[in-house]
Amino acid sequence: MTTKRLAGRDTLQAADILRRGGLLGIPTETVYGLGANGLDPAAVGRIFEAKGRPQDNPLILHIPTADWLERYCADVPAAAYALAERFWPGPLTIILKRREHVPDAVTAGLDTVGMRCPAHPLCREIIAAAGLPVAAPSGNTSGRPSPTTAAHMLEDMDGKIDGIVDGGPCTVGVESTIVDLTADPPRLLRPGGVTLEELRSVLGEVAVDKAVTGLLSAGEQPRAPGMKYRHYAPKAPVTVVRGDPEKGAAYILAHIRPGSGVICFDEYAPRFAGHPVELLGPAGDKAEQARHVFDALRFFDGTGVEEIWAQCPDDAGIGLAVSNRLNKAAGFHIIDIE
Ligand code: TXA
Ligand code: MG
């Protein structure tokens, strides 16, 4: 099929694609999504086909306002509204008990469903115009880095989707934070634009799922099915170096070979002259690092490097989301520098 390039003024055409059961590339503030009518199992099935996504990996539903929660979720706790009040519209997905009529195609047969109210103005217009809950995973081929521009999404999806709306580069750059409110205490399943510290300021105690830090033991299943897959992975193996950035840069320099690429903080780029280098952002600016992490990983997919070394921020604030994405790309191959 031909993928229609749509602009911001074409929101009605975009909504129409969703209403007719088609697939739409949608800008959100986190990453581009691959959207379809979340109440239409056939349309949802086409998402899995286009992405090559395993059937056991559930999708999240995107809604225009928090008062839609009751339509798709049962026993919505007060904590969900407290989170919505503080962080919606925004980069937070809340796992809740689902209602019966939410298609199994969306939830992969689980009795819970992930709900998110996105902040991107075009995304909000499209969802409102469609009048539907939009099922949307990240718009990449399964296993590849999530797309943060329309061009990156087209690299993976051109010819496989009906249309894409170009809403500019994503302002957050990593996917939404996922918190499971059906667990007690609530559990962080994926770190993202809303930080763990912010979640705790509303919820009190929040547990961190082992899949976030990569410390799953053999045979253990993460609670977010998608977290078990090696992800975002360029073709070359990635090694993450954490700890003091100065010492980390020295470590990388001591181990780097011809044919190695580097993902580093901006300040350290000159040290790696002669190697393909992708900038993560200034060492002190984690929000900027979040905006660049997927682009850096995607860039190396198109090069012939044999291995990739990556500097990595500490876990405070949105650093947890940046390090999680790098660590997943590295298959949790991490070197901790004292
Ligand atoms: O920022 C985002 O969340 C983006 C944009 C497009 O909204 N979407 C996104 O979707 O990242 P996706 O499908 O790439 O990641 C959703 C994650 C997967 O790891 C999936 O396993 C998990 O959410 N998930 C979905 N429903 C769940 C549920 N009921 N229980 C536990 N995990 C769930
Ligand atoms: Mg994804």
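All residue numbers refer to positions in the sequence shown, counting from 1. In each ligand, atom 1 is the first atom listed, and ligand 1 is the first ligand listed. Predicted, not measured: the structure shown is a model, and the values here were computed from it.
- To the nearest 0.5 angstrom, L132 atom CG is 6.5 Å from L39 atom CG.
- Contact atoms of ligand 1 toward S176: 1 (O), 2 (C), 3 (O) (distance under 4.0 Å to a heavy atom of the residue).
- When non-hydrogen atoms are compared, ligand 1 lies under 4.0 Å from the side chain of I178 (C-beta onward) but not from its backbone.
- Expressed to the nearest 0.5 Å, how far CD of E29 lies from OG1 of T171 amounts to 6.0 Å.
- Backbone and side-chain nitrogen or oxygen atoms of R190 are examined, and one is located within less than 3.5 angstrom of a nitrogen or oxygen of ligand 1.
- At least one N, O or S atom of S138, from either the backbone or the side chain, sits less than 2.8 Å from the Mg ion (ligand 2).
- Contact annotation: for T112 versus ligand 1, heavy atoms closer than 4.0 Å belong to both the backbone and the side chain.
- Using a 4.0 angstrom heavy-atom cutoff, H62 counts as in contact with ligand 1.
- Of the charged side-chain nitrogens involved, at least one lies within less than 4.0 Å of a carboxylate oxygen, so that K286 and D314 count as a salt-bridged pair.
- In summary, the atoms of ligand 1 found under 4.0 Å from a heavy atom of E175, numbered by their order in the structure, are 1 (O), 2 (C), 11 (O).
- Among all heavy-atom pairs drawn from L96 and A80, the shortest one is CD2-CB, 4.1 Å.
- Counted by atom type alone, R86 and S201 present one or more donor-acceptor pairs between their side chains at under 3.5 Å.
- In this structure, I60 has a heavy atom closer than 4.0 Å to ligand 1.
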Between E307 and S260, is the side chain to side chain donor-acceptor pair (under 3.5 Å) condition met? List the steps.
CA-CA 5 Å; E307 56 168 24; S260 307; 2.7 Å; yes
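- Judged by distance alone, the side chains of S176 and T30 never bring a donor and an acceptor atom under 3.5 Å apart.
- Close contacts between ligand 1 and N57 involve ligand atoms 18 (C), 20 (C), 21 (O) [criterion: under 4.0 Å to a heavy atom].
- No part of E29 comes within 4.0 Å of ligand 1, judged by heavy-atom distances.
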With side chain to side chain donor-acceptor pair (under 3.5 Å) as the test, would you mind laying out the steps for S146 and R325 before giving the verdict?
CA-CA 10 Å; S146 299; R325 302 313 188 274; over 6 Å; no
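- The proximity of R98 to ligand 1, defined as any non-hydrogen pair under 4.0 Å, does not occur for either the backbone or the side chain.
- A parallel orientation is assigned to the rings of H255 and Y251, their planes being inclined by less than 30° (bins at 30° and 60°).
- Heavy-atom separations between A136 and ligand 1 include at least one value shorter than 4.0 Å.
- At a 3.5 angstrom cut-off on N or O pairs, R116 counts as close to ligand 1.
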